[in-house]
Amino acid sequence: MTEQHYFEAQQDLFKSLALGAAGAVVIPMRTTYTNAARCLTVVHLLDEPLAGLISQAIIAPLRETEGHHHWYPAHDLHLTLKNVRSAKPNRVYTAEEIRRAVRAVERASPAIEPLTFAIHGPIFFPTSVILRAFGTLKHRDAVRLLGRELELAGIPDDKGYASNEVFIGNITLCRFTTMPTADLRQAVLAREGRFLGMYNARTMQLVECDEVYSSGSRVIHASLKIGG
């Protein structure tokens, strides 16, 4: 598969997920997301320049259109690399689960090359608004490697996916507390074609947190350089 073919496959997957693709886990709509459920996941926390651009250029005008949803503050914006344990209410992770997950990401990180993403404008998912982060084949290799190491460590990813061959890097901007209005849909559509540039992710963190990665909930169990 060429990089262009992989980009097109990611475009198709984004469209499928926006329509509620079968097999993909969707976080249920809630009136509040902070501390409602907990997950264990591998993420990349966006650097300040990109997080600030997204917050000012995309989130701020959308929030003005419809402000009662959960809009992510700049310091919570992140790119999910690999789920370990999907979010569930009242979930508690054992020390053994965390130890095994740490071992998996530590074993994988030296073989993962720095990851580059093309950041494109927002679209709707069933219960959220996300920015599309298109990865390269190196991103696909990284996700597969993390998956293999998690399985070897005895803590395989428990999340359902629409595809096990194509992977995307979405950046969640908003989670809905009610169904979005036509005005918000129009505001998102007006920004869908925007290109925010290329972005290099050079770190990853194994994090225990709530569904919105809120600063008050997250506990970082491992922080690693991608590529060692």
Side-chain angles (χ1 to χ4, degrees), residues 10 13-46 51 54-55 58-59 62-63 66-93 97 101 119-133 135 143 146-147 150 155-164 166-181 184-185 188 192 204-221:
Q10 288 176 91
L13 182 55
F14 273 118
K15 292 175 183 176
S16 178
L17 291 169
L19 295 172
V25 170
V26 176
I27 290 178
M29 188 164 60
R30 307 180 190 276
T31 56
T32 181
Y33 292 88
T34 304
N35 293 321
R38 294 191 72 78
C39 63
L40 191 65
T41 185
V42 181
V43 304
H44 167 73
L45 184 63
L46 299 188
I54 293 170
S55 184
I58 306 295
I59 293 177
L62 295 178
R63 187 172 52 222
E66 197 163 326
H68 62 268
H69 302 296
H70 180 91
W71 294 97
Y72 281 59
H75 58 262
D76 289 347
L77 292 172
H78 65 281
L79 193 155
T80 300
L81 297 175
K82 182 63 175 173
N83 175 75
V84 181
R85 288 289 180 264
S86 54
K88 292 184 179 179
N90 305 314
R91 194 160 199 177
V92 177
Y93 298 97
E97 284 180 305
I119 311 299
H120 288 250
I123 62 171
F124 281 94
F125 273 6
T127 59
S128 61
V129 177
I130 63 101
L131 281 183
R132 293 161 294 160
V143 174
L146 285 165
L150 286 166
I155 186 167
D157 184 351
D158 69 351
K159 191 174 182 179
Y161 295 93
S163 173
N164 292 314
V166 179
F167 305 99
I168 55 172
N170 63 287
I171 300 167
T172 304
L173 308 180
C174 166
R175 293 204 179 276
F176 301 136
T177 57
T178 63
M179 291 303 294
T181 64
L184 181 57
R185 291 189 177 279
V188 169
E192 182 178 341
M204 62 181 182
Q205 297 83 34
L206 173 69
V207 182
E208 184 181 353
C209 59
D210 60 22
E211 293 167 312
V212 290
Y213 194 66
S214 66
S215 57
S217 75
R218 61 184 180 248
V219 178
I220 298 175
H221 293 291

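None of the values given here were measured: they were computed from a predicted structure.
Looking at Thr41, Val42, Val43 one by one, the single match for side-chain contact (heavy atoms from CB on, under 4.5 Å) with Lys82 turns out to be Val42.
Between the CD1 atom of Ile171 and the NE2 atom of His44 there is a distance of 8.5 Å, given to the nearest 0.5 Å. Summarising the geometry, atom CG belonging to Asn90 is positioned 11.0 Å from atom CG belonging to Asn35; distances are rounded to the nearest 0.5 Å. Atom CE of Met204 and atom CG of Leu45 lie 14.5 Å apart (nearest 0.5 Å).
Partners of Arg132 by side-chain hydrogen bond (donor to acceptor under 3.5 Å, both in side chains), not counting sequence neighbours: none found.
For Asp158 and Arg91, the salt-bridge test passes: some basic side-chain N is under 4.0 Å from an acidic carboxylate O. Here Glu211 does not pair with Arg175 in a salt bridge; the nearest charged N to carboxylate O distance is not below 4.0 Å.
Within the 4.5 Å cutoff, the side chain of Pro122 has heavy atoms near those of the Ile58 side chain. In this structure, Val212 and Asp76 have side chains that are not in contact, with every pair of non-hydrogen atoms separated by 4.5 Å or more. Contact annotation: the side chain of Leu62 approaches that of Val188 to within less than 4.5 Å [non-hydrogen atoms, C-beta and beyond]. For the pair His78/Thr172, no side-chain contact is recorded, criterion being any heavy-atom separation below 4.5 Å from C-beta on. Put simply, the side chain of Leu17 reaches to within 4.5 Å of the side chain of Ile168, judged on heavy atoms.
When every heavy atom of Ser163 is checked against every heavy atom of Phe167, the shortest pair comes out as O-CE2, 4.1 Å. Of all heavy-atom pairs between Tyr213 and Cys209, the closest is CD1-SG, 3.7 Å.
Within the cation-pi definition used here (under 6.0 Å to the ring centroid, within 45° of the axis), Arg185 qualifies as a partner of Phe124.
Here Tyr33 and Tyr72 keep their ring centres 6.0 angstrom or further from each other.
Relative ring orientation between Phe125 and Phe14 is described as tilted, the plane-to-plane angle lying within the 30° to 60° band.
Formation of a donor-acceptor pair under 3.5 Å by the Ser86 side chain with backbone atoms of Lys159 is not found in this model.
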